[in-house]
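Here the structure comes first, spelled out in structure tokens, and everything after it is commentary.
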Amino acid sequence: MAQLPTGPLRRPQQHEEIADYLRDEIFAGHIPAGESLPSEVELCEQFNTSRGPVRQAVATLRAEGLLSSGRGRRSLVLSSTRTETFEEILSNTSWLFRMGKDPSEDMEQFGMDTASEELAEHMGINPGDEVFVVRRVRRADGEPAVIERMAFLPSLAEVIETVDTSEQSIHRELIRASADFNNISRAFTIEQADADTASKLGIAENAPVLRVKIKALTHNGDVLEAAEHIFRVDNLSFGLNNVRGHSSPIWFQTESEIH
């Protein structure tokens, strides 16, 4: 399996380490669906910690739909289906590596540009302000998989310019440099590929594609990145785990009347 190049990221907080351990145990089948987690006491002893980090880790996995709500009992494993990490949502490089694919790219634009009115509105900046733009077609094992159009605040340009995009994840290097990626919003639409999109993705014109518009924000709600990813859908599937008592992170609506 392909391995994502690594760099010295910030040390995870203890609740993140506990959540990562439990998540890996679930995905590896060591705690299969229908079985309960170790008790809080056992996890506290294993990680030499208090109940706070353990409860925060368990709450994280409940929110991901991997665990039952517990309600005074040990939480049960609901699913062993692998979920997306925060980094994989941000980074198609990380996503492709996780699937065991070798990512490559056809770079179209890499450098400073000015923001259009639409982009400026998405990023909360002024039209004509400078942004760092990355446009490329991402390939998985040599096959075109997704068109990426990303715009970053110019304060991130110094880091991005040092990234070997053919080998490294832009977002991993930004996180390594302490960029404050805190939350992400995504909007999904199914559309028909125009001639340019079809040519880049190696599909027929008017074939369906998935367009994902992304905003990546800081703790304070400032937009660090506005992106658009266009996926070919002939080999793409979706899944979502939900737990009663927790709202779903996905929503559906119709954009116009259906005839």
Side-chain angles (χ1 to χ4, degrees), residues 2-17 20 84-99 101-140 144-187 196 200 211-231:
Q3 296 294 316
L4 180 65
T6 58
L9 306 178
R10 68 166 177 84
R11 180 175 176 79
Q13 298 182 38
Q14 191 168 36
H15 71 88
E16 295 173 320
E17 292 181 330
D20 287 343
E84 293 176 297
T85 66
F86 188 85
E87 186 177 320
E88 287 166 2
I89 296 172
L90 274 175
S91 168
N92 284 320
T93 303
S94 298
W95 174 65
L96 291 169
F97 270 113
R98 192 260 292 175
M99 292 191 298
K101 305 293 186 181
D102 286 321
S104 56
E105 65 182 16
D106 299 327
M107 185 66 75
E108 298 175 353
Q109 184 177 359
F110 186 81
M112 300 300 295
D113 203 343
T114 54
S116 65
E117 288 190 12
E118 181 180 3
L119 178 59
E121 182 178 356
H122 281 302
M123 299 188 72
I125 59 179
N126 296 316
D129 282 357
E130 284 196 320
V131 290
F132 195 97
V133 173
V134 181
R135 289 174 175 258
R136 57 184 175 174
V137 178
R138 304 310 308 278
R139 296 178 175 269
V146 54
I147 299 169
E148 293 179 341
R149 298 165 181 162
M150 301 178 286
F152 300 88
L153 287 185
S155 58
L156 304 178
E158 185 176 353
V159 174
I160 299 172
E161 288 172 338
T162 67
V163 177
D164 179 356
T165 60
S166 65
E167 297 288 341
Q168 296 174 298
S169 162
I170 292 172
H171 294 90
R172 169 157 288 205
E173 296 308 309
L174 286 171
I175 292 170
R176 177 186 171 192
S178 300
D180 184 21
F181 288 105
N182 177 257
N183 59 90
I184 303 167
S185 67
R186 291 185 289 179
D196 181 61
K200 290 175 180 177
R211 184 185 300 270
V212 184
K213 291 186 176 182
I214 299 173
K215 281 185 184 180
L217 302 96
T218 69
H219 283 82
N220 296 325
D222 299 321
V223 179
L224 287 178
E225 174 192 358
E228 185 177 75
H229 299 169
I230 304 175
F231 295 85

* Asked: Out of curiosity, Asn92 CG to His229 NE2, how far, rounded to the nearest 0.5 Å?
  -> 5.0 Å
* To do: Please test Glu87 against Arg172 for salt bridge (charged side-chain N to carboxylate O under 4.0 Å, His left out), starting from the C-alpha separation and ending with a verdict.
  => CA-CA 7 Å; Glu87 186 177 320; Arg172 169 157 288 205; 3.0 Å; yes
* **Set of residues satisfying ring-ring contact (aromatic ring centres under 6.0 Å, His included) with respect to Phe110, sequence neighbours excluded** => Phe132
* Asked: Hey, does the side chain of Asp180 reach the backbone of His219 with a donor-acceptor pair shorter than 3.5 angstrom?
  -> yes
Please list, one pair per line, the donor and acceptor atoms closer than 3.5 Å that link side chains of residues 111-131 to other protein atoms, with sequence neighbours excluded.
unit_1: Asp113; atom_1: OD2; unit_2: Gln109; atom_2: NE2; d: 2.9
unit_1: Ser116; atom_1: OG; unit_2: Leu119; atom_2: N; d: 3.2
unit_1: Asp129; atom_1: OD2; unit_2: Asn126; atom_2: N; d: 3.0

* Asked: Is there a side-chain contact between Thr93 and Ile170, using heavy atoms and a 4.5 Å cut-off?
  -> no
* Does the side chain of Met150 come within less than 4.5 Å of Arg136's, by heavy atoms? -> yes
* Applying ring-ring contact (aromatic ring centres under 6.0 Å, His included), which residue pairs with at least one partner in residues 159-183 are found, sequence neighbours left out? -> Phe152-His171, His171-Phe181
* List for me each residue that meets side chain to side chain donor-acceptor pair (under 3.5 Å) alongside Asn183, sequence neighbours excluded, and say none if there are none. => none
* **Residue list, side chain to side chain contact (heavy atoms under 4.5 Å, CB included) with Ser166, at least two apart or on another chain** => Glu105, Asp164
* Working to the nearest 0.5 Å, report the span between OG of Ser94 and CD1 of Ile89. => 11.5 Å
* To do: State which residues pass salt bridge (Lys or Arg N to Asp or Glu O under 4.0 Å) with Lys200; sequence neighbours excluded, sorted by chain then number.
  => Glu108, Asp196
* To do: Apply salt bridge (Lys or Arg N to Asp or Glu O under 4.0 Å) to Arg186 and list each qualifying residue two or more places apart in sequence or on a separate chain.
  => Glu84
* Can you tell me how far the OG atom of Ser91 sits from the CD atom of Gln168, to the nearest 0.5 Å? -> 11.5 Å
* Could you check if a side-chain atom of Arg211 sits within less than 4.5 angstrom of a side-chain atom of Glu228, using non-hydrogen atoms only? => yes
* Asked: Would you say the side chain of Ile160 lies within less than 4.5 Å of the side chain of Leu174, judging by non-hydrogen atoms?
  -> yes
* If you round to the nearest 0.5 Å, how far is CD1 of Ile230 from CD1 of Ile147? -> 5.0 Å
* Structure fact -> Separation between CD (Glu225) and CD1 (Ile184), nearest 0.5 Å, reads 8.5 Å
* For Asp222, all residues meeting salt bridge (Lys or Arg N to Asp or Glu O under 4.0 Å), sequence neighbours excluded -> none
* Would a 4.5 Å heavy-atom cut-off, applied to side chains only, mark Val134 and Met107 as touching? -> yes
* Asked: How many angstroms lie between OG in Ser155 and CG in Leu224, if you round to the nearest 0.5 Å?
  -> 6.5 Å
